[in-house]
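Presented below is the structure to which this report refers.
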Number of protein chains: 2
Amino acid sequence: MSKLASDSATLATVTPLGCCRPLGREELSADDAEPIAAMFKALSDPVRLRLFSKIAVRPGGEACVCEIQDVGVSQPTVSHHLRKLREAGLLLSERRASWVYYRVAPGALSVMAGLLSQAD
Amino acid sequence: MSKLASDSATLATVTPLGCCRPLGREELSADDAEPIAAMFKALSDPVRLRLFSKIAVRPGGEACVCEIQDVGVSQPTVSHHLRKLREAGLLLSERRASWVYYRVAPGALSVMAGLLSQAD
DNA sequence: CTTCTGTATCGACGTTCTTCGATGTCGCTC
DNA sequence: GAGCGACATCGAAGAACGTCGATACAGAAG
């Protein structure tokens with residue numbers, strides 16, 4: 001099977017649960033906390049944050065790996081971080097000819113923003 | 001000196017930088033990525049996420065440690081996680097008589113929500 | 001088919017994190 | 001002052017993480 005661009009790897013994709021209520025709205029259950037923590041963890045590394053930002057600022061929220069890999073770490077490390085972002089449901093990947101394009105997963109940002117919005 | 005409730009420890013408090021633009025608005029610099037990643041990292045653990053939620057749902061966004069420490073880990077571990085949340089600028093702590101109260105730091109949530117808001 | 005370029009995977013190393021039991025500290029009460 | 005309850009800190013053990021060089025894989029080009 002293709003080793004690339006499968007939408008799910010170890011984690012669920014974008015819509016795993018009935019979450020998305022603000023963190024201050026109702027108390028988070030242990031089961032709900034797990035996948036949400038995984039999304040925050042995906043953005044908890046400076047390199048991943050910059051990679052995500054580099055993709056998000058592009059028109060269409062999409063970029064080839066070759067366009068964003070100047071973040072001060074090696075190529076395998078960039079690939080590792082992009083995989084983590086994809087597994088967390090924040091990015092989707094697609095191969096086009098020789099290049100692989102990553103794009104911001106639709107709804108990913110709004111899910112997290114909803115969690116952080118003020119409850120009152 | 002008092003070992004408790006100092007508002008800053010290893011990390012800066014709530015407003016470290018000129019960040020707060022949406023991640024998809026302009027590309028994140030390496031220097032800006034660091035403190036932002038630290039905030040996300042604070043919420044990247046399921047136990048911390050639940051502790052934060054337990055505090056945030058209380059009226060006034062405030063709770064005594066004794067009211068929220070049933071999250072399935074030991075008391076020292078709860079204390080450790082609350083410290084991490086405080087160091088990240090997400091919580092403030094204050095001692096009242098025998099009890100220590102933690103409350104959601106004003107503005108902390110909106111900073112992160114602003115980063116995740118849609119750019120378009 | 002061979003070579004080249006772009007990207008992913010593998011294996012390893014050092015660092016950081018989560019967790020715990022033991023112990024220390026603060027403030028109240030007797 | 002002695003004892004107690006609430007919470008923090010210490011030190012250690014195991015797991016998870018970020019990083020790299022080496023290597024494998026995919027598609028394009030010759």
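Order of the sequence lines sets the chain letters (A, B, ...), proteins ahead of strands, with each chain counted from 1. Keep in mind the model is a prediction, meaning the values are calculated, not measured.
Taking atom CD1 of B:I55 as the reference point, atom C1' of D:dC7 lies 14 Å away to the nearest angstrom. Taking atom CG on B:L82 and atom C1' on C:dT19, their separation rounds to 15 Å, with Å as the unit. In this structure, the CD atom of B:E87 is 12 Å from the P atom of D:dA8, given to the nearest Å. We find that CZ of B:R86 is positioned 12 Å from C1' of D:dT9, with the value rounded to whole Å. Put simply, CD on A:E34 is 13 Å from P on C:dT18, counting in whole angstrom units. In this structure, B:Y101 atom OH and C:dC26 atom C1' are separated by 16 Å, rounded to whole Å. Between B:E94 atom CD and D:dC7 atom C1' there is a gap of 15 Å when expressed in whole angstrom units. At whole-Å resolution of the value, CH2 in B:W99 and P in C:dG27 are 13 Å apart.
A:L82 has its side chain within reach of A:L91: a pair of non-hydrogen atoms, C-beta onward, lies under 4.5 Å apart. Residues A:S79 and A:Q75 form a side-chain contact, since some pair of their non-hydrogen atoms from C-beta on lies under 4.5 Å apart. A heavy-atom distance below 4.5 Å is found between the side chains of A:L109 and A:F52.
A:S44 places no side-chain N or O within 3.5 Å of a backbone atom of B:S44 that could act as its donor or acceptor partner. Checked by atom type and distance alone, the side chain of B:R48 pairs as donor or acceptor with a backbone atom of B:A42 at under 3.5 Å.
Of the residues in residues 43-51 of chain B, none has a non-hydrogen atom less than 4.0 angstrom from any atom of DNA chain D.
Here B:K54 pairs with A:E27, B:D70 under the salt bridge (Lys or Arg N to Asp or Glu O under 4.0 Å) rule; sequence neighbours left out. With sequence neighbours excluded, the residues that form a side chain to side chain contact (heavy atoms under 4.5 Å, CB included) with A:S74 are A:P76, A:T77.
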Stepwise side-chain contact (heavy atoms from CB on, under 4.5 Å) test for B:M112 and B:L90: CA-CA 10 Å; B:M112 303 188 73; B:L90 296 177; 4.0 Å; yes
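Taking all atoms of both residues into account, the shortest heavy-atom contact from A:L85 to A:L43 is CD2-CD2, 4.1 Å. Summarising the geometry of B:V47 relative to B:H81, their closest heavy-atom pair is CG1-CD2, 3.6 Å, with the distance given to 0.1 Å.
Each of A:Y101 and A:V71 belongs to its own hydrophobic cluster when Ile, Leu, Val, Met, Phe, Trp and Tyr are linked at side-chain heavy-atom distances under 4.5 angstrom.
Regarding contacts with the backbone of D:dC7, every side-chain N or O of B:R95 stays at 4.0 angstrom or more from both OP1 and OP2. At the phosphate of D:dA8, OP1 or OP2 sits under 4.0 Å from a side-chain N or O atom of B:Y102. Distances shown here put a side-chain N or O of A:K41 below 4.0 Å from the OP1 or OP2 atom of D:dC17.
With DNA chain D read from its 5' end, the first of the two nearest nucleotides for B:S98 and A:H81 is the one closest to B:S98.
Overall bending of the helix from C:dC1-D:dG30 to C:dC30-D:dG1, expressed as the angle between end axes built from five pairs apiece, is 10° (10° steps).
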Distances under 3.5 Å between protein N/O atoms and the N/O atoms of nucleotides 20-24 of chain C, please, pair by pair.
{"unit_1": "C:dC20", "atom_1": "OP2", "unit_2": "B:S74", "atom_2": "N", "d": "2.7"}
{"unit_1": "C:dC20", "atom_1": "OP2", "unit_2": "B:S74", "atom_2": "OG", "d": "3.0"}
{"unit_1": "C:dC20", "atom_1": "OP2", "unit_2": "B:T77", "atom_2": "OG1", "d": "2.9"}

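Across all strands shown, B:S79 has heavy atoms under 4.0 Å from base atoms, whether or not it also approaches the sugar-phosphate.
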Atom pairs and distances, donor-acceptor, side-chain atoms in residues 56-65 of chain B, under 3.5 Å, two or more places apart:
{"unit_1": "B:E62", "atom_1": "OE1", "unit_2": "B:R96", "atom_2": "NH2", "d": "3.0"}
{"unit_1": "B:E62", "atom_1": "OE2", "unit_2": "B:R96", "atom_2": "NH1", "d": "3.1"}
{"unit_1": "B:E62", "atom_1": "OE2", "unit_2": "B:R96", "atom_2": "NH2", "d": "3.1"}

